[in-house]
Amino acid sequence: MNENTSEKPCLVEAGRGFSVSYRQRFLYSKYAPDRAINGIIENLTILPGTLIIAASPCLWLGLDSLLKKLPEDCFILGVETDKNLYELANEYLTREKEKKASSALPENDIFSSTALLPFSENDYIVNILCGEKTVEGLKIPHISTFRRAIMLEMSAGTQFDKDSYAKLASLSQNTIASFWKNRITLTRLGRLYSRNLFKNLANLPSSVDFRSIAHTVERPLFVFGAGESSEKTIKRFGKEKLEKCFVICVDAAVPSLKSYGIRIDAVAAVEGQLAIEKAYIGGGAKKALLIADILSRPAVTRHTDCAITFFTSKYTDAEFLNNLSKMDFFPPFVPPLGSVGLTATFIALLLRKNTEIPVYLSGLDFSFSLGRTHAKNTPAHIARLLQADRFSPVENYGAAFRNGAKKVCGKNGIEVYTDTALENYAKSFQDAFWNTTNLFDAGEQGIEITGNKLQINASVDEEGFTGGQNGENFTFDDEFSVCSNADSIKSYLEGEEKALNRIKELLMFGKDVASCSMSLDDELFSLISVREYLFLHFPDGYKCKTSDLSFLKRVRSQIDFFLKDIKSALKNLSK
């Protein structure tokens with residue numbers, strides 16, 4: 001962004017109106033300043049629910065034409081990356097609003113449909129769109145209003161910083177797309193996550209506080225995923241060398257590592273559904289530390305004889321989660337990374353004592369080869385073996401030819417197949433960890449995910465394992481065995497049980513049991529709005545609509561599920 005330019009923009013009289021002269025160029029035509037932008041707007045197709053990024057609006061020429069053309073649920077957000085041009089645009093928008101204050105069109109009111117993003121907030125456009133950052137005077141509709149974002153170049157001022165404008169438009173579109181992708185995930189799995197959370201609260205008192213084991217591992221760490229590259233890595237480094245490492249694996253990789261006789265020190269358990277139970281068949285995780293998401297399937301905690309520690313994926317920005325995070329018993333948050341492989345890597349980086357300790361990766365391929373999707377002896381591979389017959393071979397060729405799958409050139413020039421979801425995970429991994437100090441990808445195939453390279457032909461000793469020492473499974477000193485406060489958990493659960501019973505009572509008997517201190521509607525809103533787990537999985541669950549009878553009926557249908565889980569958790573706490 002250009003903050004310090006001695007030259008100021010100047011108005012220049014044109015044939016019909018004014019142009020702007022700035023940095024030795026005209027930002028509008030010298031003859032008909034508004035003709036070009038009005039022509040663009042006339043040919044522009046704007047769908048309902050569109051956020052229009054008005055890039056370098058300057059004099060806001062064309063705004064009237066744009067407002068008249070706006071369909072419902074649209075908004076114009078002016079963006080300027082040059083300080084001088086921002087001041088000009090802000091001055092003209094303020095003047096335009098004052099001029100139209102008494103004569104604004106009822107359907108396309110400039111006050112409700114247009115805003116200029118403050119210059120100092122350009123870097124925070126994502127937070128502003130998500131409602132995580134409020135700016136005085138800037139009123140943007142909730143992100144659920146929008147389905148897409150488009151950029152409209154309002155003047156030639158965009159030529160001074162085209163890359164920044166393109167980036168802002170891309171960030172806006174990606175933010176909106178991410179919101180709706182998350183909504184789809186929450187609609188399918190949101191209630192499961194919330195129910196798992198309440199069930200896992202009963203397991204907290206016997207768990208180790210994750211904060212007490214952070215930055216304690218002094219050996220090199222090795223993170224294994226369930227991809228094919230893990231097989232070659234195990235053979236390349238050998239059991240003896242891997243014994244010198246602290247081995248973390250995703251839960252789906254447990255049976256594969258067990259089949260090679262690799263000692264597993266820790267398992268990252270993130271999956272919340274029943275299907276993941278297959279990964280623990282055979283007892284491969286019995287002697288491993290279980291690092292579990294509090295949203296994960298509660299039953300997996302029985303699969304280890306070692307310690308259990310919990311963390312929390314912030315799967316939604318909800319008030320009930322924020323309130324829980326303030327309580328002494330609640331596990332710390334980790335970013336919502338979306339993939340168990342990313343989460344396992346993030347945890348490994350938290351566990352290592354300092355950045356000089358290397359972390360190695362393998363099996364995080366985010367791709368697959370023709371006929372195979374996972375390493376041998378993973379649940380997916382075993383399922384193919386069990387189902388194989390004359391008509392369904394073990395080889396899974398269908399994965400390479402399904403919708404969205406494509407061939408790409410991966411590491412070391414090896415061609416692999418990927419799809420949209422896997423490619424997005426790889427991109428997320430690159431964004432999060434590409435330049436992380438001493439993080440190495442030891443896998444020989446798959447999509448490139450780190451900027452730190454390991455030489456394939458280098459000896460194992462040259463790759464940093466000589467500093468490690470043969471060790472046993474990770475053990476805990478007394479200082480690590482910090483149990484959560486069972487009394488605090490019990491108090492919280494009893495409070496939720498009481499609140500849910502009160503909501504149930506109000507929904508069943510209405511004004512007959514309403515409080516004297518507030519109206520029925522106000523009490524319902526105060527109780528339901530801070531317990532988003534009751535409705536966040538609804539298709540319209542991004543809003544608490546207690547004025548909607550349909551919404552209240554759906555909330556009522558959820559209460560008994562959560563009361564059952566809370567009572568069960570309280571019973572387990574009492575054992």
Side-chain angles (χ1 to χ4, degrees), residues 192-217 246 248-251 254 264-274 276-277 279-281 283-314 320-321 323-334 340 343-344 347 350-351 472-497 533 562 564-575:
L192 176 66
Y193 291 157
S194 299
R195 294 189 70 184
N196 285 348
L197 186 154
F198 282 109
K199 293 174 184 177
N200 276 322
L201 287 178
N203 293 322
L204 283 178
S206 58
S207 69
V208 173
D209 189 336
F210 184 81
R211 285 162 287 230
S212 71
I213 64 173
H215 310 300
T216 58
V217 179
F246 182 90
I248 304 178
C249 71
V250 305
D251 36 23
V254 169
I264 301 171
D265 293 290
V267 177
V270 174
E271 179 58 59
Q273 301 182 81
L274 172 64
I276 199 58
E277 292 276 353
Y280 297 92
I281 295 174
K286 276 295 183 182
K287 296 183 179 180
L289 164 68
L290 190 68
I291 306 176
D293 192 336
I294 200 166
L295 312 177
S296 65
R297 183 169 173 78
V300 303
T301 58
R302 73 179 189 273
H303 292 298
T304 181
D305 295 330
C306 189
I308 303 165
T309 186
F310 286 97
F311 64 91
T312 305
S313 291
K314 193 169 186 180
F320 86 94
L321 267 184
N323 290 336
L324 270 170
S325 69
K326 299 172 185 175
M327 299 186 180
D328 59 355
F329 61 80
F330 201 63
F333 283 123
V334 302
V340 62
T343 302
I347 289 170
L350 285 178
L351 289 179
E472 300 176 355
N473 286 75
F474 197 60
T475 56
F476 297 92
D477 298 328
D478 291 338
E479 62 180 294
F480 294 150
S481 302
V482 179
C483 294
S484 300
N485 191 327
D487 291 336
S488 296
I489 299 172
K490 182 180 179 182
S491 175
Y492 169 76
L493 290 173
E494 288 175 342
E496 291 302 296
E497 182 181 28
Y533 56 82
F562 287 99
K564 178 182 176 182
D565 295 333
I566 289 172
K567 289 176 181 177
S568 176
L570 284 169
K571 182 179 178 181
N572 290 333
L573 279 172
S574 300
K575 290 181 179 178

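- Interatomic distance, Ser574 OG to Lys490 NZ, rounded to the nearest 0.5 Å: 5.0 Å.
- Counting only heavy atoms from C-beta outward, the side chains of Cys306 and Leu290 never approach each other to under 4.5 Å.
- The minimum heavy-atom distance between Val254 and Ala285, with the atom names listed, is CG1-N, 3.8 Å.
- A side-chain donor-acceptor contact under 3.5 Å links Asn200 to the backbone of Ile294.
- Using a 4.5 Å heavy-atom threshold, the side chains of Ile248 and Asp265 count as separate.
- Taking both residues in full, the closest heavy atoms of Phe320 and Ser194 are given as CZ-OG, 4.3 Å, listed atom of the first, atom of the second, then distance.
- To the nearest 0.5 Å, the span separating OG on Ser568 from CG on Leu201 amounts to 11.5 Å.
- Within the 4.5 Å cutoff, side-chain heavy atoms of Asp328 are placed close to those of Ser488.
- Rounding to the nearest 0.5 Å places CZ of Arg195 at 10.5 Å from CD1 of Ile566.
- Contact record, Pro298 with Asn196: CD-OD1, 3.4 Å, taken as the closest heavy-atom pair.
- For the pair Glu277 and Arg302, the salt-bridge criterion is met [side-chain N within less than 4.0 Å of a carboxylate O].
- Looking at heavy atoms from C-beta onward, Leu197 lies out of side-chain contact with Asp565 at the 4.5 angstrom threshold.
- Glu494 contributes atom CD, which lies 9.5 Å from atom CG of Leu573 (distance to the nearest 0.5 angstrom).
- Arg297 places none of its side-chain heavy atoms less than 4.5 Å from the side chain of Gln273.
- Here His215 contributes atom NE2 and Leu351 contributes atom CG; the two are 9.0 Å apart, rounded to the nearest 0.5 Å.
- Between Phe311 and Pro331, the shortest heavy-atom contact is CA-CB, 3.7 Å.
- Taking the side chain as every heavy atom from C-beta outward, Ile489 and Phe330 never approach each other to under 4.5 Å.
- In this structure Thr309 satisfies the side-chain contact (heavy atoms from CB on, under 4.5 Å) test together with Val208, Phe210, Ile213, Leu289, Ile291, sequence neighbours excluded.
- Ring planes of Tyr533 and Phe562: tilted class, angle from 30 to 60°.
- Considering every non-hydrogen atom in both Thr304 and Lys286, the closest pair reads OG1-O, 3.5 Å.
- Using a 4.5 Å heavy-atom cutoff, the side chains of Pro332 and Arg211 are in contact.
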If you apply the rule side chain to side chain contact (heavy atoms under 4.5 Å, CB included), what do you find for Leu570 with Glu497, and how did you get there?
CA-CA 10 Å; Leu570 284 169; Glu497 182 181 28; 3.6 Å; yes
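- Judged by distance alone, with hydrogens and angles left aside, the side-chain atoms of Ser296 form no donor-acceptor pair with the main-chain N or O of Gly272 at under 3.5 Å.
- Tyr193 contributes atom OH, which lies 7.5 Å from atom CG of Leu295 (distance to the nearest 0.5 angstrom).
- Scanning both residues, Asp251 and Val267, for their nearest heavy atoms gives CA-CG1, 3.8 Å.
- Phe310 places none of its side-chain heavy atoms less than 4.5 Å from the side chain of Phe329.
- For Lys314, the NZ atom is densely surrounded, since the number of other residues' heavy atoms within 6.0 Å is greater than 12.
- In this structure, Thr216 contributes its side chain and Ser212 its backbone to no donor-acceptor pair below 3.5 Å.
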